[in-house]
> 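Just dropping this structure here.
Small disclaimer: the values here were computed from a predicted structure and weren't measured.
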Amino acid sequence: MTARDNHINYVELKAKDLEKTKRFYTAAFNWTFTDYGPTYIAFSDSGLEGGFEKTENEIVNGALVILYHKNLAFIRDKIIEAGGDIIKDIFSFPGGRRFHFRDPSGNELAVWSDQ
């Protein structure tokens with residue numbers, strides 16, 4: 001899938017046990033996984049790519065919707081101007097950079113870029 005600005009590109013979920021999570025989704029849905037260290041696994045073959053982040057915290061709403069934009073600084077400023085709050089500023093990860101924000105209703109989303 002080609003990443004397009006302002007489109008949902010990735011969904012990130014929380015998990016307490018990554019190995020158990022991989023076994024479940026592989027057996028139930030034939031998803032495939034790529035390990036990115038001890039705290040993150042990415043999944044594919046699901047219709048939309050995504051990943052699971054290991055957490056020890058209680059999982060209340062474990063889904064993180066991630067949008068794509070090639071220019072993170074531009075879209076971050078636009079989100080602030082529109083009334084969003086940046087809750088995790090731009091940071092690097094294997095494959096790109098991203099930031100997290102809250103919309104006016106309190107929903108947390110993220111925007112990433114491979115640029």
Side-chain angles (χ1 to χ4, degrees):
M1 171 178 20
T2 302
R4 293 178 54 192
D5 287 353
N6 306 319
H7 283 214
I8 294 172
N9 180 256
Y10 198 83
V11 174
E12 195 167 270
L13 303 159
K14 303 289 185 187
K16 299 267 186 189
D17 183 326
L18 295 180
E19 289 304 315
K20 187 175 183 179
T21 299
K22 284 195 298 189
R23 285 192 302 273
F24 171 79
Y25 284 98
T26 299
F29 303 110
N30 295 318
W31 292 6
T32 56
F33 289 88
T34 303
D35 294 334
Y36 288 101
T39 62
Y40 199 86
I41 55 175
F43 60 82
S44 53
D45 299 321
S46 66
L48 177 68
E49 291 190 9
F52 288 92
E53 179 183 31
K54 183 172 176 45
T55 184
E56 299 300 327
N57 298 329
E58 178 184 0
I59 300 171
V60 176
N61 179 7
L64 177 66
V65 174
I66 303 173
L67 295 93
Y68 176 86
H69 201 285
K70 65 181 172 265
N71 187 332
L72 288 183
F74 169 81
I75 197 64
R76 179 189 58 198
D77 291 346
K78 196 167 179 183
I79 287 167
I80 293 167
E81 290 171 18
D85 293 315
I86 304 305
I87 57 175
K88 192 182 289 187
D89 209 354
I90 296 172
F91 64 94
S92 296
F93 65 93
R97 301 179 310 131
R98 79 181 196 196
F99 67 90
H100 294 214
F101 70 94
R102 277 204 181 89
D103 70 12
S105 296
N107 296 299
E108 181 178 350
L109 292 90
V111 182
W112 88 282
S113 179
D114 54 357
Q115 306 289 313

> Considering residues at least two apart in sequence or located in another chain, which fulfil the side-chain contact (heavy atoms from CB on, under 4.5 Å) criterion with T26?
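side-chain contact (heavy atoms from CB on, under 4.5 Å) list for T26, sorted by chain: F33.
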> Tell me, please, which residues at least two apart from K78 pass side chain to side chain donor-acceptor pair (under 3.5 Å).
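K78 satisfies side chain to side chain donor-acceptor pair (under 3.5 Å) with no other residue.
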> Run the numbers on F91 and R98 for side-chain contact (heavy atoms from CB on, under 4.5 Å), then give the verdict.
CA-CA 6 Å; F91 64 94; R98 79 181 196 196; 3.4 Å; yes
> At what distance, to the nearest 0.5 angstrom, does CD1 of I90 lie from NE2 of H100?
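One gets 11.5 Å once the value is rounded to the nearest 0.5 Å.
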> Are the side chains of Y68 and D114 in contact, using a 4.5 Å heavy-atom criterion?
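They are in side-chain contact.
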> If you draw a 6.0 Å radius around CD in Q115, do more than 12 non-hydrogen atoms from other residues or ligands fall strictly inside?
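It does: Q115 CD has more than 12 such atoms within range.
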> Applying the side-chain contact (heavy atoms from CB on, under 4.5 Å) criterion to S46, which one of Y25, F29, W31 satisfies it?
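The residue from Y25, F29, W31 that satisfies side-chain contact (heavy atoms from CB on, under 4.5 Å) with S46 turns out to be W31.
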> Atom NZ of residue position K70 - does it have more than 12 heavy atoms of other residues, nucleotides or ligands inside 6.0 Å?
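At most 12 heavy atoms, drawn from other residues, nucleotides or ligands, come within 6.0 Å of this atom.
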> Which residues pass the side chain to side chain donor-acceptor pair (under 3.5 Å) test with D35, not counting sequence neighbours?
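Residues passing side chain to side chain donor-acceptor pair (under 3.5 Å) with D35: K22.
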> Who passes side chain to side chain donor-acceptor pair (under 3.5 Å) against N107, sequence neighbours left out?
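Residues passing side chain to side chain donor-acceptor pair (under 3.5 Å) with N107: D103.
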> Mind checking side chain to side chain donor-acceptor pair (under 3.5 Å) for W112 and listing every partner two or more places apart, or none if nothing turns up?
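By the side chain to side chain donor-acceptor pair (under 3.5 Å) rule, W112 matches N9.
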> Under the rule for side-chain contact (heavy atoms from CB on, under 4.5 Å), what residues qualify as partners of D45, not counting sequence neighbours?
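Result, side-chain contact (heavy atoms from CB on, under 4.5 Å) vs D45: T32.
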> Would F101 end up clustered with I66 when hydrophobic side chains under 4.5 Å apart are linked, directly or stepwise?
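Cluster IDs for F101 and I66 differ.
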> Hey, could you give me the CD/CG distance between E108 and D85, rounded to the nearest 0.5 Å?
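It comes to 11.5 Å.
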